[in-house]
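Remember, it's 1-based here, ligands and their atoms both numbered in the order they're listed. The analysis underlying the following values was restricted to heavy atoms, covering all of them including side chains, and did not include hydrogens, waters or symmetry mates.
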Amino acid sequence: MCYLNHMMSGKRLVVLSGAGMSAESGLKTFREMGGLWESHDVTEVATPEAWRRNPGLVMRFYNERRKALLEASPNPGHTRLAELERFFDVRIVTQNVDDLHERAGSTHVMHLHGELRKARSSADPSLVYDIDGWELKMGDLCARGSQLRPHIVWFGEPVPNIQDGIREAEKADVFVVIGTSMQVYPAASLIYYVPDHVPVFVIDPNEVNLHEDHRIQVIKMKAGDGIAELARRLGVDLG
Ligand code: APR
């Protein structure tokens, strides 16, 4: 497998990551046993209708998740992706709303589904603010006087930077899917934009909902060990 080394260094390694990437940091995934959607009804906490119906309930859901995020730290998987920047032009397109990729030192991180540590205006989505601490409250207003809401892409809302994500997938020299069940679109569709000649790796300890594709190398491991294995297959020594 080391034949990739001299051919790939400096090349663009594009990562599509999901909740499993942060599982080893103690953050819950969504659809697994004990996942967030097992204990919360998605239609009560993660849709624009839910926000209109009961903003307090939605606010509490994201405040609790933000509190957990502030207590969490990047795991070896996040750190290894940041270290891969020594060898590759690493571009991370994440479905995660946590900031653990950035905290681990990754320099190119695109959030498709929003950012938990930010709030935005209910009246003008371009008005985005950093949240100080974990709590966003009813009565916290934007510069235009409208209620601030979590800066999250809810089900049924458009994914503003999906075209940027598609462009990254189209420019990949190596494409890596880490810790996502590939059930949520349009994020899961990015794999279809990867050019045919590009090697594709999928890192997940469990079965993932993937179409038949001879290019795909499945690394059936958790993110931390799986990325170390990926580096080995790419002929890179992360030390
Ligand atoms: N390392 C790698 N993968 C893991 C680990 C781990 N330690 N632990 C679990 N996984 C895998 C699971 O096997 C599963 O395939 O992570 C995946 C998590 O899948 P989901 O819970 O469906 O999360 P995700 O795919 O990120 O969800 C997509 O759905 O709920 C919405 O907006 C939310 O961004 C989210 C989107």
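Residues V184 and H113 are in side-chain contact: their nearest non-hydrogen atoms beyond the backbone lie under 4.5 Å apart.
Contact annotation: for T180 versus ligand 1, heavy atoms closer than 4.0 Å belong to both the backbone and the side chain. By the criterion of a heavy-atom distance under 4.0 Å, the side chain of H113, and not its backbone, is placed next to ligand 1. Residue-level proximity to ligand 1 for A223 is carried by backbone and side chain together, each with a heavy atom below 4.0 angstrom.
The shortest heavy-atom contact between P74 and H78 is CA-ND1, 3.6 Å. Shortest non-hydrogen contact noted between H108 and V90 is CB-O, 3.5 Å.
R66 and N63 form a side-chain donor-acceptor contact under 3.5 Å, judged by distance and modelled atom types alone.
Where the criterion is an N or O separation shorter than 3.5 Å, residue side chain and backbone included, D204 meets it with respect to ligand 1. Close N/O approach between N96 and ligand 1 is not found [any backbone or side-chain N/O within under 3.5 Å]. Below 3.5 Å of separation, one finds no N or O of V208 facing any N or O of ligand 1. For ligand 1, one of its N or O atoms has an N or O atom of F30 under 3.5 Å away. Residue G179 has at least one N or O atom closer than 3.5 Å to an N or O atom of ligand 1.
Proximity of G35 to ligand 1 is not established, as no heavy-atom distance is less than 4.0 Å.
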Problem - Trace of the side chain to side chain contact (heavy atoms under 4.5 Å, CB included) decision for F30 with Q183 - result: CA-CA 11 Å; F30 294 95; Q183 294 185 42; over 6 Å; no
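A distance-only check finds a donor-acceptor pair linking the side chain of N96 to the backbone of A19 [under 3.5 Å].
Atom 27 (O) of ligand 1 has its nearest heavy-atom neighbour, among R31, Q183, E38, Q95, in R31.
Listed by number with element, the atoms of ligand 1 under 4.0 angstrom from any heavy atom of F155 are 30 (O), 31 (C). Remark: ligand 1 atoms within the under-4.0 Å shell around heavy atoms of W37 are 30 (O).
Checked for salt-bridge contact, R80 and E24 miss the test: no charged N lies under 4.0 Å from a carboxylate O.
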